[in-house]
Amino acid sequence: MNRLIKKLLIIVFINFIDQNIAGFFSDLLIIIPLTFLAYSLYVYRSDNNIGAIEAFLAGLFIDLISDSYFGLNAIIFCLITYVINSYANAFKLFSYLQICLFFGLSSTAYVGFTQLVINLYNFSYLILFVSAIVNIIFCVLIAAISVYFPRNVKMKI
Amino acid sequence: MARISPTPSQKITFFFITALGAFILYLDITTNNFDIIKHGFKSIKISSVYIVKNLSIEPIKSLINLSRSKNELIQENKNLKKALDKSYLNNYLISRDNIFFKDEEIIRKAYKDGEYSFEYDIAQLRYINPNMYKCCDKHRMFIEVTGTSEHGYKESIVFNSSGIVGQIIDKSKFSEVLLLTDITHSLPIKSESNEFFCNANGSGKQEIIICSYNPLVWNEDIVLDQIFYTSGLGGIYPKNIKVGYIKSIEKISSNLTNLEIKLFADPLDDNLFGVLKY
């Protein structure tokens, strides 16, 4: 129960940061899906496979708190969980750069899919392209920090 | 520790759960079935923020105020601010630029039927998602109306000190306002000369509505910065209210032109709104 509450609080906190930075970045044509990236990292770092129901409920909860359509995050979270579960062992053979590319591109796919649903009439390839570059750089930065400052971050990618 | 790849049964579970998610998404987009849950959550969120603020920040604030012995002054300041905001709304209604009072239908109703007395209710902004407003198609806002209308506020006009921002579409604890820029919103507008009429749809962009028309049918010359007014044809908004000005003109084809109209009023500018029904 404590773990569940802790997870929910972390989701709410990350989503809160996500929503606050989104306003600033949207003026620069950038979308960084922080909640999605954090969840992906959680699934990736988990010792056991994350179940479909857990992914679905986490997505549904984020749909509720982020004011988007029900099911939107639930579907994407299920898909990313399935992909990461499937390739969890293969990731160990990949370099950091390849893993960063994977997460950067999957977050771009997330941006594209969510924009198709919630912003269909103003869908912009420019936003998608800029977001892809920024997300990949962001993932590389996170990986670099965890590699070069392991004591400070205490997070291993 | 190695993780095993999903087994066939896990794959089937993922497939069914994803299909269920897709079904829920479809339902939410096409129907209003989940609105009760969403509104309930928003109400709880707003109320809990209010309670937490009252329990945590307000006591600290009042302690500081007590120590400075400026409580009365601060209260007076708050009242003055509220009165000032209200006067801005009044000024908007009675300004010369506005023709709320020159609308013949309103005047007829006011004098003949006694239905309308030029009074409006004050509403406080309770919730707006600036991210959704800046990025996406769905532009909504929640306000709390401090009045008691017998007929409810559904389809009432919501305005701030700069102009009309939208209409109330739903009333739960807080009134949901469909903003002019919402992709589903359509506003009948006209030019000053009364020679051009058009339905301006919300663009999903901040402060922008788009009017698509056939230049072969409407031959009035439309120029940049030209001001547009409500036509009153929709039955919701009174006519001759300034809406916005032409920001750009895009000729799509020989029989289709898009006018991008920048609105005078931005809902993010004010916390206080007027709610008017006529």
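Throughout, a chain's letter reflects where its sequence line sits, starting with A, and its residues are numbered from 1.
- Applying the salt bridge (Lys or Arg N to Asp or Glu O under 4.0 Å) test to B:E144 and every residue at least two apart in sequence or in another chain returns B:R126.
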Assess the residue pair B:K205 and A:Y121 against the criterion (side-chain contact (heavy atoms from CB on, under 4.5 Å)); give the C-alpha distance rounded to whole Å, side-chain angles, the decisive distance to 0.1 Å, and a yes or no. CA-CA 9 Å; B:K205 293 179 195 164; A:Y121 290 86; over 6 Å; no
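- For a residue to count as touching a neighbouring chain, one of its non-hydrogen atoms must lie under 4.5 Å from one of that chain's; by this rule B:K134 touches chain A with the side chain only.
- Within the 4.5 angstrom heavy-atom criterion, only side-chain atoms of B:F41, from C-beta onward, approach chain A.
- Looking at A:S68, only its backbone comes within 4.5 Å of chain B, counting heavy atoms on both sides.
- Among B:T13, B:I17, B:L20, the single residue meeting the side-chain contact (heavy atoms from CB on, under 4.5 Å) criterion with A:C78 is B:I17.
- Applying the ring-ring contact (aromatic ring centres under 6.0 Å, His included) rule to A:F24 yields no partners; only residues at least two apart in sequence or on another chain are considered.
- Using a 4.5 Å cut-off between heavy atoms, A:I31 does not touch chain B at all.
- Within the 4.5 angstrom heavy-atom criterion, atoms from both the backbone and the side chain of A:A22 approach chain B.
- Interface check for chain A: of the options B:K42, B:Q10, B:K45, B:R140, the most heavy-atom pairs under 4.5 Å are formed by B:K42.
- In this structure, B:K38 is positioned above the aromatic face of A:F70, its NZ or CZ under 6.0 Å from the six-membered ring centre and within 45° of the axis.
- Listed in order of number, the residues of residues 250-269 of chain B that approach chain A to under 4.5 Å between heavy atoms amount to none.
- Both the backbone and the side chain of A:I65 have a heavy atom closer than 4.5 Å to some heavy atom of chain B.
- A salt bridge does not link B:K138 to A:D67: none of the charged side-chain nitrogens sits closer than 4.0 Å to a carboxylate oxygen.
- In this structure, chain A has no heavy atom under 4.5 Å from any part of B:F15.
- For A:S66, the part lying near chain B is the backbone, with the side chain staying farther off; criterion is any non-hydrogen pair under 4.5 Å.
- Proximity to chain B is limited to the backbone of A:I50, based on heavy atoms less than 4.5 angstrom apart.
- Residues satisfying the ring-ring contact (aromatic ring centres under 6.0 Å, His included) test with A:F91, not counting sequence neighbours, are A:Y44, A:F94, A:F102.
- In this structure, chain B has a heavy atom under 4.5 Å from the side chain of A:D27, while its backbone stays farther away.
- Heavy atoms of A:S26 lying under 4.5 Å from chain B belong exclusively to its side chain.
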